Number of protein chains: 2
Amino acid sequence: MTASEKSTDRPLRADAERNKQRLIAAAQEVYAERGVEVTLDDIARHAGVGIGTAYRRFADHAELIDAAFESEVRQMIALAEAALTHQDPWEGVVQLLLTTGEHVARNRGLREVLVNRRLGRDRVAAAREQLTPAVNAVFTRAQQAGHLRDDLEVTDFPFIQMMIGATAEHSRDVAPELWRRYLTVLLDGLRPARNSPTPLAHRALDPQEFDQTMV
Amino acid sequence: MTASEKSTDRPLRADAERNKQRLIAAAQEVYAERGVEVTLDDIARHAGVGIGTAYRRFADHAELIDAAFESEVRQMIALAEAALTHQDPWEGVVQLLLTTGEHVARNRGLREVLVNRRLGRDRVAAAREQLTPAVNAVFTRAQQAGHLRDDLEVTDFPFIQMMIGATAEHSRDVAPELWRRYLTVLLDGLRPARNSPTPLAHRALDPQEFDQTMV
DNA sequence: GGATAACTGGAGAATTATCTCCAGTTATGG
DNA sequence: CCATAACTGGAGATAATTCTCCAGTTATCC
């Protein structure tokens with residue numbers, strides 16, 4: 001009955017609760033840096049507890065991912081809701097894509113969790129499902145205001161975010177902010193019309209830097 | 001000395017050469033469908049030969065990838081060169097991104113090989129290096145003709161292709177042509193200016209289809 | 001068509017990751 | 001401060017994958 005205590009059972013003994021929190025914190029750090037495909041051994045070591053302790057608290061890897069990312073995904077929802085309150089609907093879209101980019105560029109595991117349904121469990125799944133309508137609201141508002149091309153539909157928005165995420169993923173180690181450049185290009189493609197290119201938000205890689213990409 | 005015969009040594013015995021070609025053909029099929037992270041056992045079985053035979057011909061997985069993708073990457077070079085001969089420089093860019101998209105959408109392994117330096121060996125590496133200048137030529141010509149925003153630099157072009165590849169990857173199983181839609185948006189972001197959105201090249205997913213994405 | 005070098009294929013060694021088990025230790029409540 | 005239920009941590013069972021080895025088979029050359 002490893003990790004089924006949920007909320008119904010008695011609370012954990014103090015030392016157990018402490019170790020559990022350490023594991024979650026360690027998992028968040030390690031996932032952010034190296035993605036979710038790390039071993040539980042690595043996380044346990046990073047948390048300073050034994051492997052057995054990790055498996056006593058979390059039935060398997062998926063359950064730890066669930067615990068580690070629920071709050072991260074909820075943060076993404078909060079970002080979308082904040083973007084919706086932006087006075088200018090278009091700037092709301094820009095802000096949403098910027099803050100999303102900032103998060104996934106810094107957190108490799110988060111990007112994986114957002115994009116892959118098989119990761120995590122019910123808590124992450126629930127958060128992920130709330131994220132979609134929050135994001136849709138931001139885009140739809142801009143579209144109704146005429147600031148966003150109107151041939152787009154709600155199912156397109158996650159793919160827009162995915163494109164940014166892909167550039168962030170590949171440039172992470174060489175130029176962690178490079179994705180901002182491609183976000184600008186994308187945004188220029190999302191507008192109904194425009195007269196000139198929006199100034200790019202980050203310099204291009206030089207050829208040498210580029211060579212270091214994709215390793 | 002498993003697979004070091006290269007070109008210098010004597011030719012393989014007829015049956016060995018036949019098995020080698022079978023292995024390469026099987027690898028191309030399996031990689032295209034399931035990516036390069038399949039086991040050599042799977043490929044051997046698919047080719048109808050024993051595992052031992054596979055390892056006698058190819059020192060390791062990387063060497064088989066090298067043999068299987070050299071021609072695929074060379075095809076990509078040919079596509080870029082063909083796009084360069086297009087009368088209209090901008091249509092050359094469009095054609096390049098379209099044909100590239102078609103290839104990577106149909107071949108999961110190809111996308112992985114193009115994007116990840118660690119895959120393959122010297123033959124794929126050499127082809128990959130020739131691909132970059134060929135792609136650059138197509139973009140640079142359009143840029144000099146004033147059809148492409150001129151704040152882009154050559155190191156940006158692979159990232160443009162990467163964004164298309166990311167959308168192709170994620171929608172492959174549900175709507176293998178969906179990437180065309182996002183290519184249109186991206187192209188609209190690449191132009192120096194425009195008055196209205198280019199008509200999208202593919203319908204959007206409906207919410208139900210979207211749910212099937214990302215599994 | 002026989003001698004032999006080359007090749008075949010699968011059993012299993014080596015490696016790596018996931019997860020279980022339990023002897024020993026520790027927090028807690030009476 | 002003691003009894004004991006709860007927890008700890010790591011040794012190892014299990015499983016998946018990569019790669020090696022060699023007894024048996026087959027193509028080729030004379």
Side-chain angles (χ1 to χ4, degrees), chain A residues 1-27 30-31 34-68 109 112 118-121, chain B residues 1-27 30-31 34-68 109 112 118-121:
Chain A
M1 85 168 50
T2 330
S4 343
E5 60 273 299
K6 301 281 165 190
S7 49
T8 74
D9 294 7
R10 86 182 50 159
L12 290 173
R13 218 172 75 174
D15 55 342
E17 181 63 30
R18 203 181 315 129
N19 279 340
K20 182 176 178 178
Q21 295 311 322
R22 265 187 211 165
L23 276 164
I24 293 177
V30 177
Y31 289 151
R34 291 160 50 200
V36 298
E37 295 218 340
V38 291
T39 70
L40 264 204
D41 295 43
D42 279 339
I43 295 171
R45 203 172 311 122
H46 196 261
V49 308
I51 311 153
T53 305
Y55 276 98
R56 160 169 282 265
R57 226 32 80 209
F58 304 97
D60 55 22
H61 204 154
E63 205 159 295
L64 179 53
I65 289 173
D66 205 53
E112 294 169 339
R118 281 169 306 199
L119 297 177
R121 284 271 210 277
Chain B
M1 83 171 54
T2 330
S4 342
E5 59 273 296
K6 300 283 169 192
S7 50
T8 73
D9 294 9
R10 85 181 53 162
L12 290 174
R13 219 171 74 175
D15 56 342
E17 181 63 32
R18 202 182 315 129
N19 279 341
K20 182 176 179 179
Q21 295 310 322
R22 266 188 207 162
L23 276 164
I24 293 177
V30 176
Y31 289 152
R34 293 159 51 200
V36 299
E37 295 219 338
V38 291
T39 69
L40 264 204
D41 295 46
D42 279 339
I43 295 171
R45 203 173 310 119
H46 195 263
V49 308
I51 312 153
T53 305
Y55 276 99
R56 160 169 281 264
R57 225 32 81 207
F58 303 98
D60 55 22
H61 204 152
E63 205 160 295
L64 179 53
I65 290 173
D66 205 54
E112 294 169 338
R118 281 170 306 199
L119 296 178
R121 284 272 209 279

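Just so it is clear, the structure is predicted and the values come from calculations on it, not from any experiment.
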Quiz item: Just by protein heavy atoms under 4.0 Å, how would nucleotides 23-30 of chain D read 5' to 3' in B, S and -?
Solution: ---BSS--
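Atom-to-atom distance recorded for A:I24:CD1 and A:D66:CG is 10.0 Å, nearest 0.5 angstrom. Atom CZ of residue A:R57 and atom CD of residue A:Q21 lie 11.0 Å apart, to the nearest 0.5 angstrom.
Between the C1' atom of D:dA6 and the CG atom of A:N19 lies a distance of 12 Å, rounded to the nearest Å. In this structure, CG of A:L64 is placed 11 Å from P of C:dC19, rounded to the nearest angstrom. A straight line from CD of B:E63 to P of D:dC19 spans 11 Å, rounded to a whole angstrom. Distance B:E17 CD to C:dT8 P: 11 Å, rounded to the nearest Å. Atom C1' of nucleotide C:dA6 and atom CZ of B:R56 are separated by 7 Å, given to the nearest angstrom. Distance A:Y55 OH to C:dA17 P: 11 Å, rounded to the nearest Å. At whole-Å resolution of the value, CZ in B:R45 and P in C:dG10 are 10 Å apart. Rounded to an integer number of Å, the gap from CZ of B:F58 to P of D:dT20 is 15 Å.
Residues that satisfy the salt bridge (Lys or Arg N to Asp or Glu O under 4.0 Å) test with B:R121, not counting sequence neighbours, are B:D60. For A:L119, the side-chain contact (heavy atoms from CB on, under 4.5 Å) partners two or more places apart in sequence, or in a different chain, are A:V36, A:I65, A:E112, A:V113, A:N116. In this view, B:D42 and B:R34, B:R45 satisfy the salt bridge (Lys or Arg N to Asp or Glu O under 4.0 Å) rule, not counting sequence neighbours. A:A27 is linked by a side-chain contact (heavy atoms from CB on, under 4.5 Å) to A:Y31, A:I43, A:L64, A:A68, counting only residues two or more places apart in sequence or in another chain. Residues satisfying the side-chain contact (heavy atoms from CB on, under 4.5 Å) criterion with A:E37, sequence neighbours excluded, are absent altogether.
In terms of position along DNA chain D, the nucleotide closest to A:T53 lies nearer the 5' end than the nucleotide closest to the other residue of the pair B:I51 and A:T53. Where A:V49 and B:L40 each meet DNA chain D at their nearest nucleotide, the meeting point lying more 5' is that of A:V49. When each of B:G50 and A:D60 is assigned the nucleotide of DNA chain C bearing its nearest heavy atom, the one mapping closer to the 5' terminus is B:G50.
B:D41 comes within 4.0 angstrom of a nucleotide base, judged by non-hydrogen atoms across all strands.
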